[in-house]
Amino acid sequence: MTYLYYPGCSLRSTGRAYEESLLTVFRALEIPLKELDDWNCCGATSYVSIDETDAFALAARNLALAEAQSSDGSVQLIAPCSACYLVLSKTERYLEDYPDVNAKINAALDRAGLRYHGKVDVRHPLDVLVNDFGLEKIAKRIKHPLTGLEVACYYGCQTVRPFATYDHPQYPETMDKIVKVLGAEPIDWPLKTRCCGGSLTGTIQEAGLRLNRALLKEAKGRDADLVATCCPLCQHNLECYQPRINRMYDEDIDIPVAYFTQLMGIALGCDERELGMHRLMKKPSLKHIMHPKGASANAW
Amino acid sequence: MNEQQPQPAPSWEPRIVAFFCNWCTYTAADLAGVSRLRHAPNARIIRVMCSGRVDPQFILEAFARGADGVLLGGCHPGDCHYMEGNYKTLRRMELLKRMLAQFGIEEQRFRLEWISASEGERVKTVINEMTEQLRTLGPLALPRRFADWDKELEPLAHALASTEEAAHA
Amino acid sequence: MSLPTPPAVQSDDGASIESMKQVVRRIKFESELDLEFGERVAAKAYGQKLLSCIQCGTCSATCPLSHYMDYTPRKIIAMTREGFREEVLNSLTIWLCSSCYACQVQCPRQIHITDVMYALKREAISLGFYPRRLPIPVLAREFFKRVLKDGRNTESWLLISLYLRTNPFRMLKEAMLGLRLFVRGRLTVGRERVRRRDQLRAILTPERPKNGGLVK
Amino acid sequence: MPEKPKVGFYWCASCGGCEESVVDLAEQILDVVAAVDIVFWPVAMDFKKSDVEAMPDNAMAAVFINGAIRTTEQEEMARLLRKKSAVVVAYGSCAHLGGIPGLANLVTRQEILSFVYGDAPSNQNAEHIQPQRTIGTNGAAVHLPAFHETVRTLDQVISVDYYLPGCPPTPKLLADAVTALLSGTLPPKGSVLAPDTALCDECPRKESKPNDLVLEAFHRPHQKEVDRDLCLLAQGIVCLGPATRSGCGALCVDGNMACTGCFGPTSHVRDQGAKILSAVASGMAARESDAIKVALEGIPDPAGSFYRYSVPASLLRKRIDH
Amino acid sequence: MPGKQTNGEIRIGFYVCHCGHNIGQTVDVKAVAAYAEKLPHVVVAREYKYMCSDPGQELIGEDVRASKLNRIIVASCSPLLHEHTFRTAVEKAGLNPFFFQMVNIRENVSWVHTDTAAATQKANDLVRAAVHRVAHHVPLEKKHVAIDPAVLVVGGGIAGIHAALTLANAGKKVTLVEREATIGGHMAKFDKTFPTLDCAACILTPKMSQVKNHPNITLWTYSEVASVEGFVGNYTVRVRRKPRYINEELCVGCMECIEKCVYKEGKTSDEFNVGLSKRKPVYIPFPQATPQVVLIDPEVCIEFKSGKCKKTCVEACDRDAIDFKQKETVEEIRVGTIILATGFKTFDARRVPVYGYGKYPNVYTSLEVERLVNASGPTGGELILRDGRRPKTVGIIHCVGSRDKNTNRWCSRTCCMYSLKLAHLLKEHTDAEVYNFYIDIRAAGKTYEEFYDKLLEENIHFIRGRVAEVTDWAVRPSEEGRLVIRAEDTMIGIVRRVPVDMVVLAVGMEPQTDAGDVRRLFNISCSTEGFFLERHPKLAPVDTFTDGIFIAGACQGPKDIPDSVAQAGAAAAQALALIDRGEIELEPNTAYVEAELCSGCKTCLGLCPYHAITRNEELKKAEINEALCKGCGTCVAGCPSGAIHQHLFEDDMIFSELSGLLEPQPADCC
């Protein structure tokens with residue numbers, strides 16, 4: 001089965017490394033991906049603050065396109081960005097649960113000659129990799145285990161809440177499982193789904209920074225070598241504001257923040273550049289792994 | 001074809017005949033009552049001991065006599081007070097549904113529901129839903145249709161009658 | 001549009017200690033309330049669940065931002081339910097909600113709290129009810145316009161226009177970061193656009209309704 | 001010598017098989033002819049409508065009408081014969097229940113006409129000419145009977161005194177009926193002149209049916225090798241025997257064919273199809289909705305199978321069109 | 001068929017009941033009576049305030065005599081409530097009780113509708129249906145069955161124990177079946193009981209030994225009901241008795257074998273101490289276990305695993321009670337009535353991961369704490385945490401798995417009170433600061449509120465706020481190495497972080513995991529929550545919809561000890577009432593075959609779940625044994641030639657009900 005791929009706006013700018021690493025990893029695992037043609041912005045969290053019907057309609061267009069562009073009975077649409085994943089699955093769910101919403105939205109789609117029949121399954125890469133592809137199969141393809149690397153898996157909020165069904169909304173473990181398979185050590189911490197503030201860092205920065213500070217401090221306090229994320233905004237917040245946080249609250253936080261797909265890529269032996277490692281503010285200290293001297297498992 | 005849709009009389013209200021089993025669904029309906037769960041007054045309940053007693057003839061007869069919808073309520077599979085009755089019901093009704101479709105009776109007009117003694121709320125929901133669906137479907141009004149169908153017999157009947165009169169005159 | 005009355009309830013973070021010094025009227029007359037407000041919001045926020053709130057405070061305690069809020073989420077629900085329309089629509093709380101849904105998944109009454117917040121945001125925006133120069137609604141607006149125009153949103157442009165409209169000095173503050181992102185190819189200058197923008201224009205409601213419909 | 005009782009035979013919407021069955025009386029027919037005076041039998045002899053019109057009311061002791069009522073002509077003749085005959089016998093499945101022509105009630109009149117005069121592959125009628133009530137040919141106007149929307153059983157048009165079931169009725173039943181008629185030993189009016197138990201009663205395979213029969217799947221006769229001795233239901237072949245009046249001597253089953261129900265239901269059943277449906281379905285093995293659906297694929301046309309001869313006589317009478 | 005016997009011209013008496021205002025306020029009762037009067041065969045049509053009252057019933061009698069009525073219809077409440085009442089009235093009036101039809105215009109009409117016009121219309125329709133139907137009614141013989149005086153009680157918790165003793169003391173033979181190796185249930189695990197704080201064991205163990213020694217009670221522990229057949233008064237029950245590998249008759253519970261077991265230390269988690277201690281392969285659940293008989297756990301016993309054990313236990317036993325060959329046995333008993341007291345299960349706290357149970361060692365469930373503070377518990381009553389520390393601060397979280405739509409929406413009714421109790425005991429044992437995090441304090445029982453007062457005066461902290469999370473996430477030095485409870489103090493309106501050493505989760509009460517199977521086994525219903533469903537929430541709280549089967553204790557819903565005991569008494573009384581009446585009347589709604597119509601097609605044979613239908617091989621026709629028939633009517637609907645009928649539910653009765661119901665009304669004429 002081919003997965004349809006919905007990049008979303010962020011993966012084309014601040015989150016480019018996420019897209020690059022995701023595509024590379026899927027290629028390495030030979031999971032066919034087809035980009036949804038002419039997709040539009042999902043509306044994120046702001047749009048619904050202005051007009052809910054439009055917000056749903058906007059997202060629904062993507063669902064309708066997905067349906068039209070897929071031959072299979074059930075359409076698997078992968079949305080890597082948390083916001084996109086949430087908005088798309090929320091729209092999907094509400095269209096199903098609330099007839100009035102459904103009527104309104106399909107009326108709107110109709111004006112554009114589109115229609116949505118409820119066949120789309122909105123999926124997160126974490127879900128697909130673990131529940132469809134399978135950890136065993138990933139394990140088989142590991143070339144350079146990230147042995148000894150201590151990783152704080154950070155899920156953020158919207159990949160697991162409230163519509164995700166593939167994991168627990170407060171104590172998810174999917175990413176931890178992957179990290180384990182990569183040979184690294186996921187640290188257990190209570191903040192893995194605590195919000196990073198999202199766009200607050202751009203609006204009420206004080207509040208946003210405090211949240212990120214709490215997260216980074218805790219990760220550091222539990223001796224994580226790096227924070228792994230699955231959301232472009234989380235990654236941006238956690239990574240880019242470290243200097244400012246240190247300045248404002250005189251901390252000395254200096255911890256790399258990478259996408260889990262980048263870690264996978266490294267372990268699978270993909271090319272560093274194709275994984276967008278160069279786009280990170282601070283590269284994880286993995287050089288010896290990334291440039292294997294011979295592909296021996298414990299190249300440390 | 002020239003058969004025109006029976007127009008709902010201004011006062012038209014969907015009429016639902018509900019066959020409820022004594023142990024689960026009828027009790028649930030009582031519970032709905034005790035809990036004062038107000039719902040559409042369109043269903044008329046006929047109590048049977050088990051949904052398995054409901055002969056498909058009853059359902060056809062109900063339609064033929066002017067029901068716009070028929071609701072059949074029994075215990076959840078596995079919970080039948082008579083152990084197996086509702087499984088027989090399920091089989092009969094699955095087949096009946098197919099047949100009703102061939103006779104042009106919309107599927108929403110016949111509904112089989114498992115409602116346990118504790119699900120008074122469900123009785124309310126199901127009856128309300130069904131009433132609304134029937135409202136949008138409009139009347140089935142078989143008796144009126146039968147009459148309409150038989151209009152094509154009137155000319156000859158009248159002709160005959162008039163010759164009779166002529167004869168008597 | 002009457003100006004917000006001083007909060008009837010003290011805020012959690014003691015921010016308005018100052019106001020303690022002067023005497024503040026702390027009484028609410030039923031006549032000042034909008035008694036249908038709660039039901040109207042409930043209707044906009046999926047199901048009457050809001051009305052089933054038992055004031056347990058799980059939402060406030062779960063919320064990572066509640067300690068910056070003037071009213072905790074629990075209070076917002078209570079006040080909405082009871083018709084404290086102006087306090088609710090003027091509150092900072094609804095803007096601080098970052099839609100992390102933490103409260104919603106833990107609410108023992110399964111109230112769609114995030115949807116409630118959205119409904120209130122919409123209402124506040126449509127009535128221009130929010131604190132002056134508060135960037136969040138502006139962000140929402142800018143984002144909205146951009147998507148309406150291109151069908152996609154280019155973050156760099158979004159941020160720029162946001163700062164221009166709220167706090168131009170922020171731009172300078174952010175410039176350094178912007179540069180660092182830029183050299184890493186994380187700030188694109190080219191605009192992403194949808195081919196079938198005609199479809200978008202067809203789908204989206206032609207003109208914005210002035211009123212979210214929560215106010216009579 | 002006293003005048004012999006007058007009887008008539010007439011056919012409406014039918015295949016002619018019923019007429020055949022009269023002839024099938026073989027030499028017995030001579031006894032009949034000896035006993036009665038056949039005053040109307042258009043199929044066999046040259047009679048005209050006017051001959052009947054000329055008769056005084058109730059001139060005939062009995063008239064045997066076969067076939068369903070679909071056209072104004074059939075209706076008119078039925079009404080006329082009702083007037084002229086003391087006893088009317090609905091002869092054969094079509095008059096009794098609507099019969100095979102009655103299956104037409106599952107489609108509309110228009111669908112039939114458009115197919116027959118248009119869409120039928122064998123059809124050479126580019127301009128889709130359809131029959132008209134009146135056709136003018138060189139001055140003269142030819143009138144055709146009207147084609148009703150609905151196929152009817154005889155008793156849906158005129159009152160019927162007795163029913164001789166079957167497609168066609170067996171000569172024995174006819175002989176018995178005539179004898180009873182002559183000896184004046186007829187049962188109460190409205191009776192069906194056949195036994196009031198279901199076919200299984202006289203079915204040669206009755207004992208071969210297991211007491212605890214469970215139906216795993218259904219097959220149509222052409223889909224499998226049919227055992228000549230084993231109960232057909234037990235072989236998963238839908239047999240209407242249990243819901244069909246006996247009296248035919250289980251002819252079809254003898255011919256290794258399942259009963260298709262031409263004798264109609266017994267007197268305690270209002271709707272033959274509903275009853276056999278209920279009986280067949282409740283004996284199924286499947287328990288879950290999906291499994292049941294799968295098994296029911298084996299009965300692709302329930303209405304056609306359960307109402308083969310009785311759509312017009314069924315409680316619903318006809319497909320509803322919206 | 002007997003159906004055609006109309007006992008002369010049909011003369012119907014119709015009565016519609018106001019039921020005070022219950023019917024009158026929604027249905028225009030006068031109009032209904034007036035309407036009925038015009039219907040065919042109706043000779044008398046009256047309305048009355050309370051038809052079920054004596055004068056109401058006498059009304060029927062008078063009319064029957066005065067106007068020669070031979071059919072009676074009462075339009076009032078549900079037949080499930082009063083059909084029997086009115087049949088008796090009809091009988092008193094000298095008619096066969098089955099010349100009666102009841103119309104439900106309360107539960108089915110006045111209570112569920114608001115619009116008077118519509119409600120009255122509906123009532124009229126139902127009345128018309130009854131008028132059509134009752135004409136087809138025929139006289140029937142009542143069916144009576146004798147009640148076997150023996151009783152089965154399932155479940156040996158406090159409810160089961162109390163019910164069994166009550167019945168036994170009344171001189172009835174009781175079999176008490178308990179799944180575990182001892183009776184006592186949850187109560188045996190508790191330390192003290194609220195609000196009196198008397199020790200659970202002290203009040204329970206005497207009753208336990210009474211059960212053991214009572215001449216009228218057969219106690220089968222470590223046993224489960226395998227099958228139930230029959231009907232009220234005549235149940236045949238099969239009980240599976242699991243092997244203890246100890247001869248129950250011989251063992252005196254000296255526990256020498258346990259002492260001498262080759263295992264010096266217990267290695268298996270101890271069920272009775274909810275896993276807080278270890279037991280050996282041969283063990284006794286707890287010192288006062290009843291019966292005082294040890295048992296062997298074949299899962300861990302070396303002899304069972306390898307067959308190479310020294311069997312020091314056998315040597316130790318001077319009564320040769322140990323029997324490794326013991327097999328499971330199945331006993332069959334006959335009883336007339338059954339009381340289910342199968343109890344509850346505590347909510348699995350792992351289902352709320354944010355509270356960290358199973359993750360942080362110092363998070364406990366309330367049941368664990370009961371054992372922890374219990375003198376006979378794993379720590380001898382000393383409060384030592386899993387990490388060996390003694391708590392200086394304790395947080396008790398209420399409503400864990402209660403009042404929460406994500407887990408269980410109901411209130412477990414006992415948690416508030418036992419939390420208060422535990423708070424008191426914990427303070428008493430450790431002098432720790434104790435915080436209660438609650439939503440509402442529910443102290444509605446007798447002297448419960450007083451207990452709450454006492455606790456407040458003990459200066460226990462009460463924070464009104466549902467806890468959001470328990471973490472080891474420290475943001476202040478004071479929080480380092482402790483568990484942090486985060487909740488909004490809703491009274492003050494501010495979010496608080498409370499660091500504690502021990503967290504107690506007040507877990508709620510749930511239906512037993514296998515409640516569904518038990519329900520099917522005994523053919524009763526469950527509420528949507530999964531607790532056994534009582535016949536009527538107010539008027540029949542211990543009856544079920546299956547005659548002769550009663551329920552008591554927490555299997556019916558969360559309950560504390562006093563309520564469970566009260567209910568057990570009630571259930572026992574209900575059983576006694578049946579037994580002392582000696583017999584019960586059954587609906588004569590059985591099916592029968594009209595032989596001359598039967599073609600012997602055998603369709604019906606497979607349809608009867610009770611094997612009541614057989615084939616008469618020389619007549620080659622079906623026959624129904626009405627003694628076995630339960631009257632479901634499945635065979636009637638299945639008979640393809642209409643040869644099977646059902647008393648009280650004849651085809652023509654239902655067809656006429658339909659014709660009445662759907663008779664064209666002026667409203668819907670074309």
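Each chain gets a letter, A, B and so on, in the order its sequence line appears, and its residues count up from 1.
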Check your understanding: Under the side-chain hydrogen bond (donor to acceptor under 3.5 Å, both in side chains) test, which residues partner R70(D), sequence neighbours left out?
Key -> none
Review point. In terms of heavy-atom proximity below 4.5 Å to chain B, should S314(D) be classed as side chain, backbone, both, or neither?
Key: side chain
Point to revise | Nearest atoms (heavy-atom pairs only) where L316(D) meets F146(B) | key: O-CE2, 3.7 Å
Revision key, fill the gap. When rounded to the nearest 0.5 Å, the distance separating CG of L95(B) from CG of L296(D) is 5.0 Å
Point to revise | SB check R317(D) D150(B) (cutoff 4.0 Å) | key: yes
Practice item. Check each atom of K83(D) against the heavy atoms of chain B and say whether the ones under 4.5 Å are side chain, backbone, both or neither. Key: side chain
Point to revise | Y117(D) atom OH: more than 12 heavy-atom contacts under 6.0 Å | key: no
Exercise for review: Kindly compute the distance separating CG (L277(D)) from CD (E94(B)), expressed to the nearest 0.5 Å.
Suggested key: 11.5 Å
**Study point:** Shortest non-hydrogen separation from R92(B) to S278(D) and the atoms involved
**Key:** NE-OG, 3.1 Å
Review point. Looking only at heavy atoms, which two atoms of P302(D) and M99(B) are closest? And how far apart?
Key: CB-CG, 4.0 Å
Point to revise | Shortest non-hydrogen contact from R79(D) toward L156(B) | key: NE-CB, 3.9 Å
Point to revise | Residues from residues 101-127 of chain B approaching chain D under 4.5 Å (heavy atoms) | key: Q102(B), F103(B), G104(B), I105(B), E106(B)
Review point. Between E111(D) and chain B, which part of the residue has a heavy atom less than 4.5 Å away: side chain, backbone, both or neither?
Key: neither
Practice item. Measure distances from L153(B) to the heavy atoms of chain D and classify the residue's part below 4.5 Å as side chain, backbone, both or neither. Key: both
Practice item. Would you mind checking which part of A279(D) comes under 4.5 Å of any heavy atom in chain B, side chain (CB onward), backbone (N, CA, C, O), both or neither? Key: neither
**Study point:** R135(B), CZ atom: more than 12 neighbouring heavy atoms under 6.0 Å
**Key:** yes
**Study point:** Contact class of A159(B) relative to chain D, heavy atoms under 4.5 angstrom
**Key:** neither
Study note, to complete from the structure: Whatever's closer than 4.5 Å to a heavy atom in chain B on D301(D) counts as both
Review point. Heavy-atom distance under 4.5 Å to chain B: side chain of A285(D), backbone, both or neither?
Key: backbone
Practice item. Look up atom NZ in K97(B) and atom NZ in K293(D), then write down how far apart they are to the nearest 0.5 Å. Key: 6.5 Å
**Study point:** Residues forming a side-chain hydrogen bond (donor to acceptor under 3.5 Å, both in side chains) with S85(D), sequence neighbours excluded
**Key:** none
Point to revise | Test side-chain contact (heavy atoms from CB on, under 4.5 Å) applied to Q57(B) and V269(D), step by step | key: CA-CA 9 Å; Q57(B) 288 189 114; V269(D) 172; 3.6 Å; yes
Review point. What pair of heavy atoms forms the shortest contact from A64(B) to L315(D), and how long is it?
Key: CB-O, 3.6 Å
Check your understanding: Which heavy atom in R91(B) sits nearest to a heavy atom in R287(D), and how many Å separate them?
Key -> NH2-CG, 4.0 Å
**Study point:** Contact origin within L96(B) toward chain D - heavy atom pairs under 4.5 Å
**Key:** both
Point to revise | Chi angles and distances behind the side-chain contact (heavy atoms from CB on, under 4.5 Å) call for K275(D), D55(B) | key: CA-CA 8 Å; K275(D) 262 308 187 184; D55(B) 184 328; 2.7 Å; yes
Point to revise | Charged N-O contact under 4.0 Å between R109(D) and E152(B) | key: no
**Study point:** Side chains of F63(B) and I320(D) in contact at under 4.5 Å (non-hydrogen atoms)
**Key:** no
Check your understanding: With F115(D), which residues qualify under ring-ring contact (aromatic ring centres under 6.0 Å, His included), at least two apart?
Key -> none
